[in-house]
Amino acid sequence: MTEKDAPSPGSPRALPLDPTTRFRVPSRRVAADVVDDEVVIVDLASGSYFTTEGAGCDVWRLLASGASVDETVAVLRTRYVDTGAVESYVHTLTAVVVERGLLEPAHDDTDGAPVDLGPAAGVLAPVGEPRPFAAADLVDFDDMKGLLLIDPVHEVDDRGWPHAGPGL
Amino acid sequence: MLVPGSEDREPTAVHDLMLAGAIRAGTRFGGPLDRRYRFGPQTVRLRFAGPEVADALGPALDHVRIADGPTDGPTDVTIDCWDSVSSGEPVSPLVALLLDRIDHDWLAWLTPRHEVRGFDNDRVATAFEPWSGILSTYDRTTARGAWWTQDATAVPSHERAAPLRSLLGWALGELGLQSVHAAAVGRTDGGVLLAGPGGSGKSSTALRGLADGLGHLADDYCLISTVGPPTAHSLYAVAKLDGPADLERLPEFGASVTNPERTGSEKLVIDVGRDFPDRVVTSFPIRAVVVPQVRAGAPTALAPMSSAAALRALGPTTMLQLPGAGSTAFRHMGDLVRAVPCFTLYLGPDAAAVTPLLESLLRP
């Protein structure tokens, strides 16, 4: 996992974000789970999967729970010592995950309504003293994409992929 | 006009037609071959329309076959399987039209995981395997499934080695048994799951264990339960090797290859249930998740792995191969790696070191 103090220069260009917008996980396309302090996210449409840890995992959990960007920034400032990088980091990471299609704006009754984030966001384990902030990238993996294009066992024949079975 | 999404008003239409076709096909044989199989605590009834279909799908499941005939025993799931060539029963015109549309414009009709757009919904799961020409449908409300292909004698080796994978994944997933892409070896009192993508060394590690006396639960796909102590359950009693080079490293299995005529075009399939029946294990508590990694020139060794890294090795490859698998499936895998220790198994040139390392993990 690569960590650095600024958003990755290789990340997609940050899109303008309304900091009050809430998001949700597009459940038919994306599956995610948090293990320890790391989230693993699978894009079932593209075959890519992603991971981020630490502050990045916190951002994912908050956004996926319905927090807005502003609310996410506010919660992170209770968990990390903010020397001025938190807001920019949250905006950039949010733009990246939205641009990748891992989160989508929530256009329903909860859109715009405050979310009860509870102490330290509720979805996050409580911390004692705020920790030093370290930006964590969203790391992507492409090594499984072939599963969506070639069979894991049977190789493509000379007709190319896909080709329906005999008699169709 | 049949276009993707137009049939949402009739979510069970294709499934109903598939079941009706299966029943007619079975009638042409004087009734289907009716068999029951046990996967962990669940019983699945498979009804094969004719011997060709039974021969294509049955052998890999024989180790969990518990009864034949239309008994009155409890059944959690029923799946009807048929083909058109051996039964003489064609698919209905609507299904034929759908297959024709898929054949001509697969991008419009199939998702990347082969779900059939518009016919795959919250009630009915529908998938088409374009390489094999296999259509599968499952109604979650009635726990009824249907499997069809044009010619059962043409079912390729990899489907015979892992038959009904989508259907069993859907049906047993509804009952709390999650299908995962992993090998599994050990003993009835404990074993390990071998996770990782194709080519990572799962199969050769599992076969090395089998050759050295370990029990064999799975080569590529198995079921896990994470309610209570994590447990693995067998799906198929077969193993696969990439080709002759693997067989040179594991010569014990040369006589057990069931498809030697396909060397070079398909993986080599080994019938573990037929040739090593006393080594087949159908269930065991999972003691660890192990991720093999080939490391030429370095010693064979175990090293602790983070739970998240293990989830990366187990989760995506499973999710991307199993139509319909979603957040619940992924959470089952997360629950597993949270509950048991996880290791990297570095595979060096010392193959004899593999099994003792695995055995060191089997004790509670």
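Numbered from 1 within each chain, the chains take letters A, B, ... in sequence-line order.
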Which one wins on heavy-atom pair count under 4.5 Å against chain B: V42(A), V25(A), D33(A), V30(A)?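 Most pairs with chain B among the choices: D33(A).
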Residue from L44(A), D43(A), D36(A) scoring the most non-hydrogen pairs under 4.5 Å with chain B is L44(A)
With rounding to the nearest 0.5 Å, note down the distance linking CD1 in I134(B) to CD in E159(B). 3.5 Å
Polar side-chain atom of Y89(A) near backbone of A136(A) as donor-acceptor pair, under 3.5 Å: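 Flag set: sc Y89(A) to bb A136(A) pair under 3.5 Å.
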If we ignore hydrogens and angles and just use 3.5 Å, is the side chain of W82(B) paired with the main-chain N or O of T149(B) as donor and acceptor?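 Not confirmed, W82(B) side chain does not pair with T149(B) backbone.
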In terms of heavy-atom proximity below 4.5 Å to chain A, should A96(B) be classed as side chain, backbone, both, or neither?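 No part of it gets close to chain A.
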Please classify the contact of D83(B) with chain A as side chain, backbone, both or neither, using a heavy-atom distance under 4.5 Å.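 For D83(B), there is no contact with chain A at all, as no heavy atom is under 4.5 Å.
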Any luck finding a side-chain donor-acceptor pair between [X] and [Y] under 3.5 Å?
X	Y	answer
W148(B)	S84(B)	yes
D140(A)	S48(A)	no
D70(A)	S68(A)	no

Using non-hydrogen atoms only, which part of D37(A) is less than 4.5 Å away from chain B: side chain, backbone, both, or neither?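 Contact with chain B: none, neither part.
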Heavy-atom proximity to chain B below 4.5 Å, by part of V39(A): neither
Option that, when pairs with chain A are counted at under 4.5 Å, heavy atom only, ranks first among [options]:
options	value
A308(B), G315(B), S327(B)	A308(B)
R113(B), M319(B), M333(B)	R113(B)
A162(B), S307(B), G324(B)	S307(B)

Test of understanding: with ring-ring contact (aromatic ring centres under 6.0 Å, His included), list the residues that count as partners of Y80(A), not counting sequence neighbours. F133(A)
